[in-house]
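Hydrogens, waters and symmetry mates are skipped; everything else that's a heavy atom, side chains included, is used. The structure presented is a predicted model; accordingly, all values stated were derived computationally and were not measured.
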Amino acid sequence: MSELRYDGRVAIVTGAGHGLGRQHALELAARGAKVVVNDLGGDRSGVGASAGPAQEVVDEITKNGGEAVANPDNVATPEGAEAIVQTAVDAFGKVDIVVNNAGILRDKSFKNMTVEEFDAVIAVHLRGSFLVTKAAWPHLRENGYGRIVNTSSPAGLFGNFGQANYATAKMGLVGFTKTLAHEGAKYDIKANAIAPVAWTRMTEDLLPADFKDHLGVDKVTPLVAYLVHESNPDSGEVYTVGGGRIAKMLVAEGPGWGTKDALSVEAVRDNWAAINAAEPHTVPKNVGEQMGPLIQQLTS
């Protein structure tokens with residue numbers, strides 16, 4: 001089978017100084033992409049800044065014969081996001097691929113979480129993905145091509161104790177991704193999201209130590225690389241990936257229950273089992289499809 005290559009493509013990978021982002025950048029560069037390696041260089045809580053981590057990844061790429069430039073700007077500010085994209089345009093003339101991977105952790109139980117801790121995590125994960133994509137979007141539209149991967153999380157899809165800020169941001173990225181897919185379709189811009197499970201400095205306190213060797217970042221990056229390849233046909237999807245396993249995650253709706261009579265609290269109580277039924281479920285592709293059963297009920 002032919003090797004998947006990215007020759008002539010320009011990729012931006014945020015949060016690429018460590019962990020998943022570093023592996024994404026190395027893989028894309030090894031397969032011919034020109035890469036902007038972005039990393040603010042702070043610790044995992046977002047404190048501090050250093051150009052070192054991004055430059056170290058660039059040095060590794062160039063040592064292996066690839067092309068890359070470092071960028072230390074902050075994804076969470078409009079100026080930083082614009083500078084990241086401008087780095088790609090100045091160095092390589094365009095942008096084709098955006099991998100939004102930058103993130104921080106400020107875990108705390110909800111009763112103890114401060115507004116600042118909530119806002120800081122939203123700013124990097126969700127706002128940062130918006131700002132970098134927003135800065136790249138005109139270039140992608142003008143070129144009639146783009147591939148975007150946003151980094152969600154199982155914590156976003158299902159919640160997780162002590163991560164109200166993180167889970168909120170990560171589920172927000174699901175809606176963001178699906179909207180980008182709709183708006184980008186006309187321009188051959190495809191957007192997908194991953195919900196990875198990997199051993200990194202972000203997760204070393206959350207995952208069992210015994211899993212370290214089985215949950216390497218190398219078992220996540222191949223999915224990201226495929227999603228940003230020109231041959232990938234899918235958009236608006238979310239995939240969980242880790243330990244060599246990949247599966248599509250679905251936002252589904254059960255069969256539901258409805259009435260044309262006046263709806264009462266008692267009717268809700270009496271039909272609670274039907275309302276909660278999960279099968280047969282449907283997976284709407286857009287808001288119009290989701291409203292289909294309601295429209296049918298109203299017009300039948």
Side-chain angles (χ1 to χ4, degrees), residues 100 110 125-126 129 147-161 163-164 166-198 206-207 211 214-215 219-220 222-229 231-300:
N100 289 308
F110 184 66
H125 291 273
L126 186 55
S129 296
R147 296 292 183 268
I148 299 165
V149 169
N150 296 314
T151 307
S152 182
S153 168
L157 277 296
F158 305 109
N160 195 36
F161 188 94
Q163 292 193 309
Y166 183 81
T168 300
K170 292 305 192 182
M171 191 56 179
L173 284 168
V174 173
F176 180 57
T177 299
K178 290 182 176 294
T179 299
L180 291 179
H182 290 308
E183 296 193 15
K186 179 180 177 181
Y187 306 96
D188 193 20
I189 301 172
K190 291 181 168 60
N192 292 284
I194 63 166
V197 180
L206 304 173
L207 296 172
F211 285 11
H214 303 288
L215 294 174
K219 296 184 179 180
V220 173
L223 171 62
V224 173
Y226 178 67
L227 290 175
V228 301
H229 194 265
S231 65
N232 167 42
D234 291 301
S235 191
E237 305 296 349
V238 182
Y239 300 91
T240 185
V241 54
R245 177 180 180 271
I246 303 171
K248 181 188 285 190
M249 306 187 83
L250 307 175
V251 178
E253 182 174 320
W257 169 86
T259 178
K260 287 189 175 181
D261 299 328
L263 186 64
S264 68
V265 179
E266 291 74 21
V268 173
R269 175 199 62 196
D270 296 342
N271 291 279
W272 196 237
I275 291 168
N276 279 283
E279 298 294 343
H281 68 261
T282 58
V283 183
K285 292 180 179 164
N286 51 53
V287 173
E289 286 191 9
Q290 190 275 330
M291 291 182 63
L294 172 60
I295 294 172
Q296 183 178 11
Q297 175 182 311
L298 295 175
T299 57
S300 62

Quick check for you: to the nearest 0.5 Å, what is the distance between Gln297 atom CD and Met291 atom CE?
12.0 Å
Nearest-0.5 Å distance that lies between atom OG1 in Thr168 and atom NE2 in His125:
11.0 Å
Looking at every non-hydrogen atom in both residues, tell me the closest pair between Thr259 and Asp261 and how far apart they are.
OG1-N, 3.0 Å
What's the separation between atom CG in Asp234 and atom OH in Tyr226, rounded to the nearest 0.5 Å?
7.0 Å
About how many Å separate CG of Leu173 and CG of Asn150, when rounded to the nearest 0.5 Å?
5.5 Å
Salt bridge (charged side-chain N to carboxylate O under 4.0 Å, His left out) pairs, two or more places apart, involving residues 168-192:
Arg147-Asp188, Asp188-Lys190
For a 4.5 angstrom cut-off between non-hydrogen side-chain atoms, does Thr151 reach Asn100?
no
Over all heavy atoms of both residues, which pair between Ala278 and Pro255 is shortest? Give the atoms and the distance, please.
C-CD, 4.1 Å
Check: Asn192 side chain, Tyr239 main-chain N or O, donor-acceptor pair, under 3.5 Å:
no
Could you give me the CA-CA distance, side-chain angles and deciding distance for Ile275 and Val268, then say whether side chain to side chain contact (heavy atoms under 4.5 Å, CB included) is met?
CA-CA 8 Å; Ile275 291 168; Val268 173; 4.2 Å; yes
To the nearest 0.5 Å, tell me how far Tyr166 OH sits from Ser153 OG.
3.5 Å
Side-chain contact, heavy-atom cut-off 4.5 Å: Thr282 with Pro280?
no
Between Thr177 and Val238, is the side chain to side chain contact (heavy atoms under 4.5 Å, CB included) condition met? List the steps.
CA-CA 8 Å; Thr177 299; Val238 182; 5.6 Å; no
Correct closest heavy-atom pair for His229 and Ser231 would be ND1-OG, 2.8 Å
What are the two closest non-hydrogen atoms of Val220 and Gly242, and how far apart are they?
CG2-CA, 4.4 Å
Would a distance-only check, ignoring hydrogens and angles, find a side-chain to backbone donor-acceptor pair under 3.5 Å from Thr240 to Ala247?
no
I want to check something: taking the side chain as every heavy atom from C-beta on, are Val224 and Ile194 in contact at a cut-off of under 4.5 Å?
yes
Check whether Asn232 reaches the backbone of Leu227 with its side chain - one donor and one acceptor, N or O, closer than 3.5 Å.
yes
So does Gln296 have more than 12 non-hydrogen atoms from other groups sitting under 6.0 Å from CD?
no
Check Ala167 against Ala155 and note the closest heavy-atom contact, atom names and distance.
CB-O, 3.3 Å
Calculate, to the nearest 0.5 Å, the distance between atoms OG1 and CG belonging to Thr299 and Leu294 respectively.
9.0 Å
Under 3.5 Å, side chain of Ser152 to main-chain N/O of Met171, donor-acceptor pair present?
no
